[in-house]
Novice: 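One structure coming up, written as structure tokens, with questions to follow.
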Amino acid sequence: MVTATNKESRTTMGSIDAALKPRLRLRTRSEYAGWTLSILLGIGILTSVLTNPNFKWGVVAQYFTHESILRGLMLTIFLTVASMTLGTLLGLGLAIMRSSHVKPIAIAASIYITLFRGTPVLVQLIFWFNISALYPDLSIGIPFTDIGTKIDMNALMAPITAALVGLTLNEAAYMAEIIRGGFSSVSKGQIEAADSLGMSAGTRMRKVIIPQAMPSIIPATGNQVIGMFKGTSLVSVLGVAELLQSAQLIYARTYETIPLLLVASLWYLVMTLLLSYPQSKLEQKYSRTASRLPRKAKKVVLTEPEEGNLR
Amino acid sequence: MSTDGTILAQRIRKSFGPKTVLKDIDLEIASGEICCIIGPSGSGKSTVLRCINGLETVDSGVLKVNGEDFGYYETDTAYHALPPKKLAEQRTRVGMVFQSFNLFPNMTANENVMSGPVLVKGQDKKQAIKRAHELLASVGLAGFGDYYPAQLSGGQQQRVAIARSLAMDPEIMLFDEPTSALDPEKVGEVLAVMKDLAKKGMTMVVVTHEMGFAREVADSLIFMDDGYVIERGDAREVLSNPKEARTQAFLEQVL
């Protein structure tokens with residue numbers, strides 16, 4: 001019977017055994033149209049980019065590793081690292097304040113976050129740069145005494161300082177929300193378990209809450225770093241010679257605007273791609289506790305398991 | 001230090017918003033006593049435990065744990081809340097085992113058991129890990145020290161949680177429905193560990209639906225309903241011969 005049907009299918013529908021025939025996907029007309037359009041568009045853009053002499057790829061290559069561009073890149077990296085680090089620390093403080101049981105503290109943190117998230121970072125940067133118009137002198141000392149010194153705010157708020165202050169304060173507001181979101185992802189039971197063991201609030205935070213909040217904080221922070229890296233281009237308005245400003249300074253002299261913008265863009269792109277690697281590594285590290293893989297043996301002497309092994 | 005393992009409650013009241021969950025609760029648990037609290041859901045039995053551990057504060061009434069006013073100190077006119085450090089110290093003497101285990105998922109079984117002694121009492125790590133091995137062995141989990149909670153079954157996790165509480169050498173152990181989140185097959189292994197503990201003379205308060213455990217192990221039994229203690233007495237006596245109609249009705253349903 002079986003051989004009969006096999007034979008039958010073989011004779012009626014080609015030479016391959018019907019059971020072994022590959023199953024093919026349906027290809028619609030719109031799929032072919034999509035392929036054609038995308039390829040045509042790609043070829044069009046590529047030819048235009050490669051043949052249009054105004055791109056001046058030679059100039060791009062010439063300036064790509066130009067000294068002032070590299071110096072600008074270094075400054076951009078410095079601004080990113082510094083303001084991200086300071087912003088994260090300040091954001092952690094704000095997040096802890098915001099989850100405080102003492103109402104005024106929580107409200108103060110929440111007002112800070114509202115103000116700094118609700119205004120454009122460009123405006124904030126210009127504001128800090130011009131803060132001396134508001135407070136000409138900064139006095140450091142003990143209130144209501146003569147002890148202390150006055151510092152000229154204008155001298156203190158050099159462009160780089162203003163950039164650092166502006167970026168840090170703004171970043172802190174965003175990081176505070178990210179960290180607070182991470183905190184609230186830790187279940188109440190964990191906090192109760194820590195409390196019932198008699199842990200202090202500090203220990204509970206460091207050993208229980210923060211390690212568990214990390215998996216949800218890390219990816220968002222990675223996005224912030226990448227955003228911050230590109231966001232530093234805003235400080236060019238203060239005349240800080242970071243990557244974009246360095247490029248601008250050159251094309252103001254040579255009028256090769258597009259090639260130099262390309263140089264800056266390519267560097268931003270390269271750095272962004274480089275940054276996404278450590279981000280994925282960190283994500284893996286902190287999601288490890290959720291995995292079922294046994295951790296590398298620590299220096300602990302194991303005795304024989306008494307009951308059924310897990311693996 | 002008056003380490004006596006007693007619990008005394010007089011006319012404890014506790015409300016969550018408009019809902020009063022504990023209405024004039026009286027408790028008297030002697031050192032080394034095994035007390036089971038039974039009752040329907042929402043009767044306030046878990047809240048009693050959480051008050052004894054300080055996870056909830058009582059609104060009014062007297063609550064003495066280990067012979068000391070818990071979480072508060074008494075003056076002529078009022079009870080004043082203790083500073084967090086003092087409260088934490090009192091809590092270290094009361095172990096709590098949760099329905100949902102609440103092991104720290106970022107720590108291995110060893111680290112979980114060591115967390116109390118090392119992070120709270122500042123004990124030496126070498127000593128603590130030795131103790132952790134002993135404790136894990138005593139709950140039948142020797143060799144599981146390097147596993148993370150996610151790699152352990154529910155029953156194993158709950159036994160690690162018991163070991164973690166025991167590591168603090170508490171005078172009192174509280175169990176909040178310790179077997180309710182386990183599949184029936186694993187209930188036995190956790191109950192066995194608890195029976196073991198009971199023999200060692202530690203004060204235990206167990207909120208449970210395991211009537212078999214209550215009958216076999218408990219000294220006293222408290223039946224709660226709607227925020228009241230309906231009936232209390234010798235465990236076997238109450239289970240086999242309940243006096244109150246409400247207790248009879250409940251036991252008929254669960255036995």
Side-chain angles (χ1 to χ4, degrees), chain A residues 96 100-102 182-183 185-218 282-311, chain B residues 50 53-56 84-85 87-108 110-112 115-122 129-130 132-133 136-137 140-153 156 161 164-165 167-168 170 174 176 189:
Chain A
I96 293 171
S100 166
H101 293 296
V102 186
F183 286 175
S185 72
V186 179
S187 77
K188 205 172 157 242
Q190 291 292 314
I191 292 160
E192 289 182 347
D195 281 347
S196 74
L197 287 172
M199 278 192 201
S200 68
T203 311
R204 190 179 68 189
M205 184 57 87
R206 279 185 297 113
K207 300 291 180 177
V208 178
I209 300 180
I210 290 182
Q212 292 186 55
M214 276 304 181
S216 71
I217 292 176
I218 291 285
L282 274 172
E283 264 176 60
Q284 277 170 24
K285 183 184 172 215
Y286 280 104
S287 63
R288 187 188 55 191
T289 51
S291 82
R292 303 186 71 87
L293 289 168
R295 176 159 84 163
K296 268 184 260 165
K298 292 176 90 181
K299 6 170 212 182
V300 170
V301 188
L302 285 183
T303 47
E304 271 309 300
E306 275 178 2
E307 48 186 289
N309 208 319
L310 274 178
R311 277 156 300 169
Chain B
R50 294 167 63 83
N53 190 247
L55 291 175
E56 308 285 354
K85 218 176 159 182
L87 174 64
E89 203 181 297
Q90 286 186 337
R91 277 173 155 173
T92 61
R93 301 169 57 196
V94 184
M96 178 97 169
V97 175
F98 299 90
Q99 182 179 352
S100 50
F101 330 134
N102 293 344
L103 287 179
F104 303 130
N106 52 320
M107 303 180 193
T108 61
N110 271 334
E111 288 165 349
N112 264 288
S115 63
V118 172
L119 299 177
V120 179
K121 288 185 173 169
I129 196 148
K130 214 174 138 232
H133 284 307
L136 284 177
L141 287 174
F144 283 86
D146 280 341
Y147 286 87
Y148 280 98
Q151 300 166 290
L152 299 171
S153 74
Q156 291 169 331
R164 177 176 70 177
S165 290
M168 295 299 279
L174 308 174
D176 188 3
E189 62 189 44

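The analysis underlying the following values was restricted to heavy atoms, covering all of them including side chains, and did not include hydrogens, waters or symmetry mates. Lettering follows sequence order; numbering is per chain, from 1.
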Novice: With a 4.5 angstrom heavy-atom cut-off, which part of B/Leu55 approaches chain A: side chain, backbone, both or neither?
Specialist: side chain
Novice: Spell out, as yes or no, whether a donor-acceptor pair under 3.5 Å connects the side chain of B/Asn102 to the backbone of A/Gly189.
Specialist: yes
Novice: Between A/Ala194 and chain B, with a heavy-atom cut-off of 4.5 Å, which part of the residue counts as in contact: side chain, backbone, both or neither?
Specialist: both
Novice: Which of the residues B/Arg50, B/Arg91, B/Gln90 is involved in the greatest number of heavy-atom pairs with chain A at under 4.5 angstrom?
Specialist: B/Arg91
Novice: Give a yes/no verdict on a cation-pi contact between B/Arg164 and B/Phe101, requiring under 6.0 Å between NZ or CZ and the six-membered ring centre and an angle within 45° of the axis.
Specialist: no
Novice: Side chains of B/Thr108 and B/Asn110: do they bring a donor and an acceptor to under 3.5 Å?
Specialist: no
Novice: Side chain from CB out, backbone as N, CA, C, O: work out which of these in B/Phe104 comes under 4.5 Å of a heavy atom of chain A, or both, or neither.
Specialist: both
Novice: Please state whether the side chain, the backbone, both or neither of B/Leu103 comes within less than 4.5 Å of a heavy atom of chain A.
Specialist: backbone
Novice: Using a strict threshold of under 4.0 Å (side-chain N to carboxylate O), is an ion pair present between B/Lys85 and B/Glu89?
Specialist: no
Novice: So which part of A/Ser196 gets closer than 4.5 Å to some heavy atom of chain B, the side chain, the backbone, both or neither?
Specialist: both
Novice: Report the option among A/Val186, A/Asp195, A/Ile191, A/Thr203 that has the most heavy-atom pairs separated by less than 4.5 Å from atoms of chain B.
Specialist: A/Asp195
Novice: Under 3.5 Å, is there a donor-acceptor pair between the side chain of B/Gln156 and the main chain of B/Ser153?
Specialist: yes
Novice: More than 12 non-hydrogen atoms from neighbouring residues, nucleotides or ligands closer than 6.0 Å to NZ on B/Lys130, yes or no?
Specialist: no
